[in-house]
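Inspection log for the structure reproduced underneath, given as structure tokens.
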2 protein chains.
Amino acid sequence: MSKLAYNFRQGEADGAASMKELLGGKGAGLAEMARLGLPVPPGFTLTTEVCAYFYAHDKTLPPDLSEELDAALTHLGDVAGHSFDDPDWPLLVSVRSGARASMPGMMDTVLNLGLNDNTVGALAKKCGDERFAFDCYRRFIEMYSSVVLGVAHHEFEEALEQYKERRAIILDAELHADDWRAVVTLYKEIVAEHKGVDFPQNPHQQLVGAIKAVFSSWMNHRAIVYRELHNIPADWGTAVNVQVMVFGNMDDNSATGVAFSRNPSTGARELYGEFLINAQGEDVVAGMRTPQSISEEARLTAKSDAPSLEATMPAVFAEFKAYAEKLEAHYRDMQDMEFTVERGKLWMLQTRGGKRTAPAALKIAVDMANEGLITRDDALMRIDPASLDQLLHPTVDPEIGHAVLTSGLPASPGAACGEIVFGPEEAMELAGQGRKVILARVETSPEDIGGMHAAQAILTARGGMTSHAAVVARGMGKPCVTAAVGLRIDYEDQSFSVAGRRFRKGDMITVDGSSGQVIAGAVKMRRPELTGEFAVLMGWADAARRLKVRANAETPMDAKAARKFGAEGIGLARTEHMFFEGERIVAVREMILADSADGRKAALAKLLPMQRDDFKELFEIMAGLPVTIRLLDPPLHEFLPHSDAEIAHVATAMGADPSKLRKRAQELSEFNPMLGFRGVRLGVAFPEIVDMQARAIFEAAIAAAAETGEPAQIEIMVPLVFSKAELDLIKRRVDETAQAIEAETGLRSSYHIGAMIELPRATLRAGDIALTAEFLSFGTNDLTQTTLGISRDDAGAFLGAYVAKGVLPADPFVTIDQEGVGELVAIGCERARKARPNVALGVCGEHGGDPASIDFFEEVGVDYVSCSPFRVPIARLAAARAALRRKG
Amino acid sequence: MSKLAYNFRQGEADGAASMKELLGGKGAGLAEMARLGLPVPPGFTLTTEVCAYFYAHDKTLPPDLSEELDAALTHLGDVAGHSFDDPDWPLLVSVRSGARASMPGMMDTVLNLGLNDNTVGALAKKCGDERFAFDCYRRFIEMYSSVVLGVAHHEFEEALEQYKERRAIILDAELHADDWRAVVTLYKEIVAEHKGVDFPQNPHQQLVGAIKAVFSSWMNHRAIVYRELHNIPADWGTAVNVQVMVFGNMDDNSATGVAFSRNPSTGARELYGEFLINAQGEDVVAGMRTPQSISEEARLTAKSDAPSLEATMPAVFAEFKAYAEKLEAHYRDMQDMEFTVERGKLWMLQTRGGKRTAPAALKIAVDMANEGLITRDDALMRIDPASLDQLLHPTVDPEIGHAVLTSGLPASPGAACGEIVFGPEEAMELAGQGRKVILARVETSPEDIGGMHAAQAILTARGGMTSHAAVVARGMGKPCVTAAVGLRIDYEDQSFSVAGRRFRKGDMITVDGSSGQVIAGAVKMRRPELTGEFAVLMGWADAARRLKVRANAETPMDAKAARKFGAEGIGLARTEHMFFEGERIVAVREMILADSADGRKAALAKLLPMQRDDFKELFEIMAGLPVTIRLLDPPLHEFLPHSDAEIAHVATAMGADPSKLRKRAQELSEFNPMLGFRGVRLGVAFPEIVDMQARAIFEAAIAAAAETGEPAQIEIMVPLVFSKAELDLIKRRVDETAQAIEAETGLRSSYHIGAMIELPRATLRAGDIALTAEFLSFGTNDLTQTTLGISRDDAGAFLGAYVAKGVLPADPFVTIDQEGVGELVAIGCERARKARPNVALGVCGEHGGDPASIDFFEEVGVDYVSCSPFRVPIARLAAARAALRRKG
């Protein structure tokens, strides 16, 4: 094992900022500040390798550690000028965790270590404050006993309360030195009583105990949960920082505070922070006292009477401000710093990249690039693409408290409030009256599309991140929460129960699809504002990226949104979404019920003008840009009613025989519709559907070109193919239709025919398929379903557990499963390119809008991704970052 | 283009037996007989390349052909000693098709070509029989006009009937020369009337017309259908044989016949055939006259009074017998020959490998190998493994006519008859009374297992070759017909209708799972007899094969059958099949309804002894051989009732709350169960199920070993894995259970843990998985479903059309899709071997019993296949053939 302890002191350090993996964030920051000459209390960091050893060896410390620890303590004594057993000025240290990623408050800390029955007196003498010394000692006993010895915290709290009662004292501040001395005695009795041993007096023994306790706290329950929530691997481990204590609570010339080098909420370039006079760091966090602003400017903005640090301790303020600027310039990023002032002397305790809101991140990155502090590429790498969602959707105002009823999956971002409705018809009816509704369903089906469109947001009790509700909602840019925990919907009663409350039709709720929260009542929203920085950053992203970005869109509203958000075409227009409205669904059902090709043709003839109009509008909106139209994909039973009541209703409405309708629905029903009679299989069986759709496309293109003056860029995509032969069958029909239209009108549309690659076999046969297909678009949703054998609609029962147990690194419907699905995509790309070097390769699954997946697609070298309109900016930025990452 | 016409005459030929692709079967056989010096009427063969040209060039003949045809005719004239325009002895020829594979009667033939108004007289003079000459001429006009000119056959038949009526003649034999002359005139009038031109008199023109007509007949409807049924590629094309006519109908010293060199029904070594005196080949086929036996022995066996050829024409018989022996020895196979005797002179017209029954094929192959005519390897290559099915199952007696109601898919071979029942309970009840029943269902589900077991055979209206009914029936070795065309089952009425008839509960039907036929009433069966030759051939196969063969079996009956048929272990025991019977299903349902792990454990504790008994019996039966037990696989909802009535019934029976039962069933219901919460996912979520199954396995193994004295060879297989992590989770539980049992009993079972590879991702990650798995077994059923995105239960709607349209070469659930699924299997094998060189690789999908797939598995190098017990002999033979093919 290499070096275990890394020393640091103002002016020099064994470690550096680059050693975050080994030293943790806090340790690396302390070392870097020390190197920069900033006043850092001297100390040393035990590496994360020690932590790894600790867990690999039954929670024991490496045998070499003892020697290194002694050396580090000796060194620390030399630097500090005193040691644990110094009779005049005993060394006191803090022992703090510090992982690679910040996990605030999740692990344990021990302060004031080194105090015992002897050193407490020396401390009292040295600082001339006996009350302070015994207060420190009792705090130490309390902290050490609970963290290291496992004595419950409340034992000490109760003892203190009883003591105060006996003395009729209300506030801690009224306790004198003697009181604290008495409390120390009480505390030591508690330890002896509970542990059967005396409170440890040997500082070395105290230190080893504290180190082991801090390492142990890496695996405490809340740390594990935090890591799971933040995707922090358990094997990273934490470092431990041992550092000379400095006291912000020594007197009124002492203080402690935190500050950001820029405003983390808005991104404005101003020192932003808070401090407390005569307090320890914990007090700032605890919120018992109201902290004061750091700068005068901030104080004035906050209209506070409490004096600022700038006013109270001008020299300290100036020094700190200079350090903040130095650190920001050095790290080339906004810093989040902790400091303590001990009797007028400023000590820097921590620096790290500051967390910030999405708008702040954007402003800071663009500002810093404009200031010349970072490059434009750096600026792009600073913005988490996913965070742009916050800029594009309304959000629940985070500054207002609200009653969260439950949480589900954040399936489609944005927030909205409205009256609860339980059915698509009601949603449409109420929306038609101008009322805002939230559609609550156990889960949605294609028949709900109209209602989803009419609703402000969608809430479901089941389904996953890529269930029907989620996919459709994202496509529409509507907030959606799926799989809301504990939500029980009772359609008959037109109500749902959650968290012990019952909500009825018409009750107001708020759905926050960004956080997954469901809130009672209507909550105040923040409207998104697209700032100038947004456009600037997007411009930089467009200059940096190689991948083209298209949108999945089929409605004029979606297509317009896509253009607004910078889509370079439509990568997927799902024609079936056009089949559900009004008289169309009647014609579709007539087509399905027809007994012969002629009957189907008659029904399709009714659909033709409607489809033509749809496509014409799409071509017009996207004039000059490619539009990829996917031929009919879903199994036909999705268009038929299923329950007896619905069948009766539909049969009456369309003048059909209910028994025939029921029989056909039964015939078409499937055990596994996902793997059933759909996609190209429909076109092979019922080529007249292909004929109608091709005709609608070509006629629409001709009409749109006449309108816009630009030829429509037609791409016809055949879904679910797994062989060249299937595609050939469809291509022949499309070509024949094109020829027929040319014969009728004398006008020839140029068009491309391609295949949607969404089955494992299709990726393997991509070479053959590309002999016919001019483009291939990977439908990674279905490819994920088939490659992993997971139905996205049914995955709720186990997928969460799979991700939690580490079987899968992430939800494969959100981020592409590189080891499985990804390899098939790579195989498909390679084989297709070999067969047709200029084949266009795209991705039109949900993954097309996921930054991590886009990284992978950049690596594989696909030509474009296509995602829902609201994810287009995210994809543009992610594509730029992927290109930079690959370059760099 | 190379040579187009290949000449042959007794003693020499341009072609040979090896040139079947170019000359077709008949042409190659004629050439070979000519080379062997057999008396073959001289002639020439136009190659299949001419046919290919014909279809590639709009049904025109190659320009070079005219010259080659002239040369061939000149040569033929020289050899025969006369030509088309010989005034004394005009040349007459036959023009016959002859494709690479025999397609009897599917294409057209023209006989007596060369006759016209002049040559008919010359013929009459030459043979001294005017009646014969004009009969030939009118036959020629009739044949030529219908085949070449497209005049409907019935025109001629009607004209002849009218002529006979006018003359008050009943039999053709009563017509004299003048009558036939008059008929010729009538026939020519018909041609002139319908075609507007005279019947062609120029023999050269006649010949070109006939050649084109025969080529054209390659694409007639019945030929196309025949090719589809027999998997003959359309691009093979046919050859055309032009040959000097010989007449078996010239007088009573003439004859025509067909014969096999061995008995094609039994395989006995005896000349077997029929002939007719004074007849043309057509007359034998037409069945108007009863043919006579060739040999005296056969005549005596048949108890026929009609004299044999041996008796009638002893010299001809001796000559023919010698030729038959010569040809069989030469071809080293049983021959099917055609001959004609013209005025006492024997002519050989055809020889080809003879079709034979499965028992005959077996006997002939073994006999020939024992005779030294062929090698044992040859013998193995002579037997189509699929044909063994006929030897293992009862078959409908083919010699008895019966009323076929409908046909479906031959889903599980064998035939059985019984009373119709419509539900599993009735099936069990009636079977319990000793009655034989046929279970008729729309489709079966796991709940029907008990009824399927009780039934003699299963009949379903839906489903495919690999639907639930098919798979389970094959596993049980029970006849099954699925997707019976036009079968409409009415459960309420307890009846079905088919072919316009209604059958009620209790009516007798016969189901033939080998042919797919459903027959009204009880039909006489042939019981299978396993002959000595069967055992001999199997022994040779075992010596030749590399692949091990195991069986898929879980019941004692199946396991015993597996051993009887030579299985080398159980490759797949599906534990869930054991979960449906009696009190088990109650315990299973209690387990599913339990709210906690403890509740599940309590229910599982009830299952433990039953599972243990099951496994113990399996281990005992398979003592000394490996037994692969698959952990619970199906989605849990398969074990719950679904309809309200069933739910109420079950709830009452198990004392559960119906609403809770309904709720749980709804919770567990899935959109795509195939891709749902099943397989290893169950074990990850409910590890207590794994614990129980592992305990049952180990305790059973210990008990069985105590009984048999041999340690059980345990292989525990985890289904549906796609990652090493999943397998690790399960392995840990199994290992812990093994350790616990060792601690309890002091006995340690050795066991192997492996994974079922049935998802595309699993094949890609096989390297990782093999780090934990000691064996991998490819579950090619589900791998096919996921790789192709085809649900086998729903494939009926399109899969047939896909195979018919050539999108897929064969049903991928029957024969492995090499280009898709096969590549994934190959990838999986390669990666697994790389990670763990001694990993055992098996296949346990249906493909494990399919000869074509076994060929592929031999190539990929898997170690064993596992199939249903009744397919084990097939797999043994197929494995031997695959090994020989690879070696050769």
Side-chain angles (χ1 to χ4, degrees), chain A residues 442-443 462 468 635 667-679 681-682 684-685 720 722-726 728-729 758-765 768 782-783 785-799 801-802 805-808 812 817 819-821 823-824 827, chain B residues 443 462 468 635 666-679 681-682 684-685 720 722-726 728-729 758-765 768 782-783 785-799 801-802 805-808 812 817 819-821 823-824 827:
Chain A
V442 174
E443 48 222 322
R462 289 180 57 174
H468 180 268
E667 278 172 6
L668 288 172
S669 78
E670 297 184 305
F671 290 101
N672 297 290
M674 163 65 208
L675 309 175
F677 185 31
R678 50 168 289 232
R681 298 159 192 178
L682 294 172
V684 170
L720 211 74
F722 61 56
S723 74
K724 177 175 181 292
E726 293 167 301
D728 288 341
L729 288 171
E758 47 192 334
L759 294 173
R761 192 183 201 273
T763 65
L764 299 173
R765 308 311 306 162
D768 299 346
D782 282 1
L783 188 59
Q785 297 198 76
T786 47
T787 304
L788 276 71
I790 296 181
S791 162
R792 68 181 187 196
D793 289 319
D794 304 311
F798 58 91
L799 198 54
Y802 260 49
K805 291 191 184 189
V807 175
L808 285 170
D817 160 43
E819 293 197 333
V821 180
E823 181 174 359
L824 290 178
I827 288 173
Chain B
E443 49 223 322
R462 288 180 59 173
H468 179 267
Q666 279 167 357
E667 278 173 5
L668 289 172
S669 77
E670 297 184 306
F671 290 100
N672 296 290
M674 162 65 208
L675 308 175
F677 185 32
R678 50 169 287 231
R681 299 161 191 176
L682 295 172
V684 170
L720 210 74
F722 62 56
S723 74
K724 175 175 183 292
E726 292 168 302
D728 287 341
L729 287 171
E758 47 192 333
L759 294 173
R761 192 183 199 273
T763 65
L764 298 173
R765 306 313 305 162
D768 299 345
D782 282 1
L783 189 58
Q785 297 198 73
T786 47
T787 303
L788 275 70
I790 297 181
S791 163
R792 68 181 187 197
D793 289 319
D794 304 311
F798 58 91
L799 198 55
Y802 260 50
K805 291 191 185 194
V807 174
L808 286 169
D817 160 43
E819 294 198 332
V821 180
E823 181 173 359
L824 289 178
I827 287 173

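Reminder, nothing fancy here: chain letters follow the sequence lines and each chain counts from 1. Predicted model, so just to flag it, every value in this text is computed and none were measured.
For the residue pair A/Glu726 and B/Val807, the shortest heavy atom distance occurs at CG-CG1, 3.4 Å. Heavy atoms only, all atoms of each residue included: B/Asp794 and A/Phe671 are closest at OD1-N, 2.9 Å. Between B/Asn672 and A/Met674 the shortest heavy-atom distance is OD1-N, 2.9 Å. The heavy-atom pair separating B/Arg462 from A/Glu667 by the smallest distance is NH2-O, 4.2 Å.
Comparing B/Leu759, B/Leu668, B/Leu720, B/Leu682 by how many heavy-atom pairs each has under 4.5 Å with chain A, the most go to B/Leu759. Between chain B and the options A/Ala797, A/Gly806, A/Ala685, A/Ala801, the largest number of non-hydrogen pairs under 4.5 Å is found for A/Ala797. The greatest number of non-hydrogen atom pairs below 4.5 Å with chain A, out of B/Pro760, B/Ser723, B/Ala725, B/Gly676, is found for B/Pro760. Interface remark: of the candidates A/Lys724, A/Arg678, A/Glu758, A/Glu443, A/Glu443 forms the most heavy-atom pairs closer than 4.5 Å to chain B. Chain B forms more heavy-atom pairs under 4.5 Å with one residue of A/Pro635, A/Gly789, A/Pro673, A/Gly820 than with any other, namely A/Gly789.
Residue A/Asp768 touches chain B through its side chain alone, counting heavy-atom pairs closer than 4.5 Å. With a 4.5 angstrom heavy-atom cutoff, A/Asp817 touches chain B only via side-chain atoms. Neither the backbone nor the side chain of B/Leu783 comes within contact range of chain A; no heavy atoms are under 4.5 Å apart. When heavy atoms are compared at a cutoff of 4.5 Å, A/Arg765 approaches chain B solely by way of its side chain, counted from C-beta outward. Of the atoms belonging to A/Leu808, it is side-chain heavy atoms, and not backbone ones, that fall under 4.5 Å from chain B.
One finds the CD1 atom of B/Ile827 at 5.0 Å from the CD1 atom of A/Ile827 (value rounded to the nearest 0.5 Å). Atoms CZ and CD1, from B/Arg761 and A/Ile790 in turn, are 9.0 Å apart once rounded to the nearest 0.5 Å. Taken to the nearest 0.5 Å, the OG1 atom of A/Thr786 stands 12.0 Å off from the CD atom of B/Gln785. Interatomic distance, B/Thr763 OG1 to A/Glu823 CD, rounded to the nearest 0.5 Å: 8.5 Å.
A donor-acceptor pair is defined here as one N or O able to donate and one able to accept, closer than 3.5 Å; such a pair exists between the side chain of A/Lys805 and the backbone of B/Val684.
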Check your understanding: Given B/Phe722 and A/Thr787, is the side chain to side chain contact (heavy atoms under 4.5 Å, CB included) satisfied, shown in steps?
Key -> CA-CA 9 Å; B/Phe722 62 56; A/Thr787 304; over 6 Å; no

